[in-house]
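Right, one structure below, let's go through it.
The structure displayed is predicted, hence computed values, not measured ones. To find a chain, count down the sequence lines: A is the first, B the second, and so on, and within it residues start at 1.
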Protein chains: 2
Amino acid sequence: MYKKEITIYDIAAALNVSAATVSRALKDHPAISKKTRGKIREKALEMGYQTNALASSLRTSKSYTLGVIVPRLNSNFMSTVLAGMEKAASDAGYHLIIMQSFESEIKEKENAQLLFSHRVDGLMVSTTSTSPEPAHFKPFFAKNIPVVFFDRIPQKYNQYNCVTIDNREAAWQATRHLLDTGKTRVLHITGNTGIQVYKQRLEGYKAALSEANKPFDHQMVWETGLSVEDGEISAKRIMTMKPLPDAIFVANDTCAITIMHHLQKNGIKIPEQIEITGFNNDPFSEFSKPSLTTINYPGEEMGIKTVNLIIDKLNTKHIEPKGKQIVLKFGLLIRESTNQAAK
Amino acid sequence: MYKKEITIYDIAAALNVSAATVSRALKDHPAISKKTRGKIREKALEMGYQTNALASSLRTSKSYTLGVIVPRLNSNFMSTVLAGMEKAASDAGYHLIIMQSFESEIKEKENAQLLFSHRVDGLMVSTTSTSPEPAHFKPFFAKNIPVVFFDRIPQKYNQYNCVTIDNREAAWQATRHLLDTGKTRVLHITGNTGIQVYKQRLEGYKAALSEANKPFDHQMVWETGLSVEDGEISAKRIMTMKPLPDAIFVANDTCAITIMHHLQKNGIKIPEQIEITGFNNDPFSEFSKPSLTTINYPGEEMGIKTVNLIIDKLNTKHIEPKGKQIVLKFGLLIRESTNQAAK
DNA sequence: TTAAATAATGCAATCGATTGCGTTAACAAT
DNA sequence: ATTGTTAACGCAATCGATTGCATTATTTAA
């Protein structure tokens, strides 16, 4: 029924040479004469031979596979990161096994185990773990398999390899921009502040308030899932506030645009009554009415840098105990949802 | 330097049993007594043993890996499909190697080869090939490895396993909806019509025209890359037309929204002067001003159905020579960019 | 108590490619 | 002609888990 696998032994038998010779010929080992190499190449093609990467990886303990774990892959930001990763990996002769954790620490751990079992050469994680030190990567560290965190990094990030932006600084800029226009009641709608990125954004928000001598009110910080649904719920809740906030800093664009849309439906003028700032620079944030002020977050670059860092670790026999941090540049894009002339 | 791998032999040695016993114990083979099984389990945990999936796959020729090839992974639609795939695969004990072809047939072929080398159990492809029969999957067919095409399927699709929507019908409905409001100059902006999905959308467009007794004008069909940039270029070009078209059917939302945005900037009223219909139902198509009429395209479902079909083929020793086609339901979402009361 | 049946475990080959080391062949040097 | 060098290739072990077919230990039946 199933066709037999075609192996180097088959080629060897067909040409009356040893499997060793075939193996060497196929990878251009210098000890094989041009003539036999040619013959073998030809025969391999003719027989439809395809190398068995599993066998090769088992023997050499090198899989040319990188594992990726993300909370979910279908956000504009994350899929952009992954696209960058795939491109960079592919260019370097690697490929990706991508898994989703769905914000579950248990699933993240299971994923890590599976990737370990498959002997990935390296692991890239946007962690969903809120514990200071994610324990489930121990086996990787023990075997010296490089692990790089990106975007969502662990609390004690300076011990690990990380690629991120300065979320605190970005949030600080966004909030300050709102305060600069004289707004005083700035609502912050964010995600789980156990997660590093949201924690830092919150810190930036607080810092900007304090610097402007505005009191911090924890009632003005809402932790949500930042989804479209959360946006709808938040919008409703905002409508019940009195006084209304006069500005909102939302921790992602999806949620920001949803909120903006629903507030407008309720007759609220953006930015006149309420200014809104998002985060991520999703493609359509530019095309909403009004266009959304947001933080431009370099997804593709993050993916590429993450892969490059891991491949770098792979190629240099690194003995550095400490992790390396790469902090990418972001940009505050001031658009119509905050009515300020540029600077 | 590197810690030695911990294998079943190490566990066997530590407990004075054979590796065979350890292997069986770890997979709950009934022939192993509860007692030894317990001991082995415990020891494995204690020693930090992690199964080597490469060795296992080599021996059993079952990798529990599925390959995926897509043109690019960072569109809203595609990442949604992939998210569905990853979820479904993971639930079934499989995982995904995802690769991008970047619309290059050569890259697609290379990717297929690599996935074959890695002995994936099945392959899922959104093909970029415009040739009637994609030859680069031959090795898979020869070895009876299931291949399922989704979204972008080959020309002779009825010979293969496919999961799609009826693009012709969807385009027909979209175009007809425009014509129903009395529009006569309907521009169709689409992608490479060598690709099946765009070809079929074009056919649907033509069919609707012909049914309404409107002449088909090939100058009213523009093949573009459907990107944001293409949208900008198209918008400029539209502004030079006289008379202006009174309706546009764009083959994706990204491009549609860009065009709408730029036309509005030039003072054109949507939908009063020009109606616009998109395709895909990207998340923000609902939040644009005006909201965009579009075709709702079930991405996640497509991913899940594709994986399920492949796993189905994997589990049943299929001898069907012909492929199976799954056609998913789509929906025309009538919104503000076409000024028609529902129905 | 002993044969028969069943339960538990071990032996050794296998999956396919790789590679250190040893051989053989070919050619050059003396 | 003999030895020394290279060049070209083969042998066989190895990576780690699996599994058909023994073999041994334990029960059960008679």
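- A straight line from NE2 of B/His29 to P of C/dT9 spans 12 Å, rounded to a whole angstrom.
- Between B/Tyr64 and B/Tyr94, the ring-plane angle classifies as tilted under the 30° and 60° cut-offs.
- Nucleic acid contact class of B/Asp10 (heavy atoms, under 4.0 Å, all strands): none.
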Identify each atom pair where a protein N or O and an N or O of nucleotides 6-8 of chain C are less than 3.5 Å apart, giving names and distance.
none

Quiz item: Nucleotide by nucleotide, 5' to 3', does protein get under 4.0 Å of the base (B), only the sugar-phosphate (S), or neither (-) in nucleotides 13-22 of chain C, counting heavy atoms?
Solution: BBBBBBBBB-
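- Side-chain atoms of A/Asp121 come within 3.5 Å of backbone N or O of A/Ser63 as a donor-acceptor pair.
- Note on A/Val22: nothing from the nucleic acid sits closer than 4.0 angstrom, heavy atoms only.
- Side chain of A/Glu108 to backbone of A/Glu103: no donor-acceptor contact under 3.5 angstrom is found.
- Residues B/Phe140 and B/Phe116 place their aromatic rings such that the two centres sit under 6.0 Å apart.
- In summary, A/Asp28 and A/Arg41 engage in a salt bridge, as defined by a charged side-chain N under 4.0 Å from a carboxylate O.
- A/Glu5 has a carboxylate O that lies under 4.0 Å from a charged side-chain N of B/Lys143, or vice versa, which qualifies the two as a salt bridge.
- By the side chain to side chain donor-acceptor pair (under 3.5 Å) test, B/Asn308 is found to be paired with no residue, residues two or more places apart in sequence or in another chain being considered.
- Atom NZ in A/Lys35 sits roughly 13 Å away from atom C1' in C/dA26 (whole-Å rounding).
- Checked for salt-bridge contact, B/Lys43 and B/Asp10 miss the test: no charged N lies under 4.0 Å from a carboxylate O.
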